[in-house]
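Below, chain A is the first sequence line, B the second, and so on; all start at residue 1.
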Amino acid sequence: MKTLSEINRKIREGNVCVVTAEEMTSLVKEHGAEEAAKEVDVVTTATFGTMCSSGVFLNFGHSDPPIRMERAWLNDVEAYTGIAAVDVYLGATQPSETRGIEYGGAHVIEDLVAGKSVELRAISSGTDCYPRKEIITEVCLEDINQAILINPRNAYQKYIAATNSSDEVLHTYMGTLLPNFGNVTFSGAGALSPLSNDPEYRTLGIGTRILVGGGIGYIIGEGTQHDPKRGYGTLMVKGDLKKMSTNYLRAASIYKYGVSLYLGIGVPIPILDEKLAISTAISDEEISVSIVDFGVQRRDRPSVKITNYAELKSGKVEINGEEVKVSPISSYYKAREIAKELKKMIERGEFLLTAPIERLSCDMELKPMKQTEKLILVRNVMEKAEVISINTTIKEAAKMILSKRVNHLPVVSSEGKLIGIITSWDISKAVALGKTGKVEEIMTRKVITVSPNDPIHVAARKLEQYEISALPVINEHREVVGMITSEHLSKLVARR
Amino acid sequence: MKLLLRFDPKITSEPIIAKSVIKTKTLINILKASVDQRGGEMLIEIPEENSEKVISTLKEFGVDVTKLDRPIIRDDNLCVHCGLCISLCPTEVFKFDEEYRVTIDEKLCLHCYTCVVFCPVKALKAP
């Protein structure tokens, strides 16, 4: 058994033994945990990934005359001002009002760390003690009083991998997912991941000294959505923006999704006993990852397969008998760099370890959002669909549109499966071009559909996204079981 | 060597590639092609040896030719080696080396510029 003060004494004396979590894995494999626990004093762990739940508290000091900022923008990115006069919280994912998701809170944070000037603009209705109603000024990090990074959720213990079973490309926070299991993306540093190396959180909690964005920082406690029982622990961390470097803090624009912040975090684990030697010896194969299907737009997405970080890092995984390309969205290269950097800092005596004042919770339960409104599904509101067979003539289809008073006719094959759709527009176009013959010639083959169990929100979004006015509802055999139109949905909204 | 060809709509109905192959006796490999009422665009690959002859022949036939020496340009200061480009690239341009740094194999690039669009830190650019 070692104590933290013994380890810190060794650090001061310059004879501490530090290895990275990767090195520890092979060390324990070769020499056993007992031997490793005697030899090794500290194991460094790290991660570098997109950490959306991040932001910075900034205090600009008071202007003359003073202003109580009611709304404030930094380079056109709005910051939260509901905290005193000149304090703001700038969230990483907030998009710019003029540049959309190409520039956001994360980019402002990176620009500040890089020493760039940022435009601060604020407005107020004015008060007797804060008479000023607007201000525009340019500031850089050294002009600002405090720039405290407080991130509600960072450094996930491990994370899911993502794939897409649908036939549309999906742009998600896990990157772009190609249709029909076209690719798999994953996030996390595997065996280097801090919380994975101490899953009982014996050395982690409020006050544990860590590296955040390249500078000294601290764990504040559990992050939001901390889910220890399922192995998805998270950290809330604090750091000083003025001590950080763009080597370990970078803004990201995830295509057609939003803004995020790439952040590097390093955590040292003191090897106080054999148990910690065993836990820090964890390997990529031992950390399981669920490949989740984002083609299902619900909270509980199905798991397509359980894999592990070793298989994901190989670049290929097998799904339904096919080999699928895998790529990370987090940087293992940077995580390694941070683990090595922390190791060097400890060896040079520049970093002393601290014990947590209170450990992270091991039994917190993660709850879903309580929803007071009942979820309405497509099946609750859909209407009967009038369908036509592929052999129907254009003239018969036109007659049906009139007699049934509909604007859309799904076209089905002889087996009753959906293969196209005809609208009144298609009929008009056919008449204008003088076409007669079967509907097969004029129908749209790529039909946007919904399933009966989809929430109506999914239907509403599809109607908007594809600029259409009706969706055939199909079951898993592609048989048309109903129709949902924008008229239905607007009636529903009106009723509420 | 890869070439980007642009065809005016007036000449898209002519078998220019076939004629060029016959005239220069050089194999032309078509990697990507799209033709519509606005004209045609083609990405071809030709051997280095006869490249100048092929280029001048295509130009004689009225084709606009651009040499694609550098497929995509990466700013190494911006790249964080996240690897997102790897599974989105239609060929195998991007790979990890032993250090988990992303490497680029320019020869395989099809100039689709998917990676340029998707890179989260905007480290990639079209030339």
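Ranked by heavy-atom pairs under 4.5 Å with chain B, the first of A:Gly182, A:Ser187, A:Ala252 is A:Ala252.
With a 6.0 Å radius and a threshold of 12 heavy atoms from other residues, nucleotides or ligands, A:Lys243 has its NZ atom at or below the threshold. For OH of A:Tyr257, the number of neighbouring non-hydrogen atoms (other residues, nucleotides, ligands) closer than 6.0 Å is 12 at most. Under a cut-off of 6.0 angstrom, the local environment of CD in A:Glu322 is sparse, with at most 12 non-hydrogen atoms contributed by other residues, nucleotides or ligands.
In this structure, the portion of B:Lys122 lying under 4.5 Å from any heavy atom of chain A is its side chain and not its backbone. For chain B, the nearby part of A:Thr185 is the side chain; its heavy atoms alone come within less than 4.5 Å. With a 4.5 Å cut-off on non-hydrogen atoms, A:His107 does not touch chain B at all. Neither the backbone nor the side chain of B:Phe94 comes within contact range of chain A; no heavy atom of the residue lies under 4.5 Å from a heavy atom of that chain. Contacts of A:Glu102 with chain B are made by side-chain atoms alone, with heavy-atom separations under 4.5 Å and no backbone atom involved. For chain B, no part of A:Val324 is nearby; none of its heavy atoms comes within less than 4.5 Å. Heavy atoms of A:Leu178 lying under 4.5 Å from chain B belong exclusively to its side chain.
For the pair A:Tyr173 and A:Phe294, the minimum side-chain heavy-atom distance is below 4.5 Å. The closest side-chain heavy-atom distance from B:Asp64 to B:Leu5 is not below 4.5 Å. Contact of the A:Asp76 side chain with the A:Arg99 side chain is not registered, since no non-hydrogen atoms from C-beta on lie closer than 4.5 Å.
Annotation: residues 15-39 of chain B contacts chain A through no residue [non-hydrogen atoms, separation under 4.5 Å].
For the pair B:Arg101 and B:Phe96, the cation-pi criterion (under 6.0 Å, within 45° of the ring axis) is not fulfilled.
The pair A:Asp284-A:Lys313 counts as a salt bridge, with a side-chain nitrogen and a carboxylate oxygen less than 4.0 angstrom apart.
Listed by chain and residue number, B:Arg6 satisfy the salt bridge (Lys or Arg N to Asp or Glu O under 4.0 Å) test with B:Glu41 (two or more places apart in sequence, or in another chain).
Classification of the A:Phe48-A:Tyr262 ring pair by plane angle, with boundaries at 30° and 60°, yields parallel.
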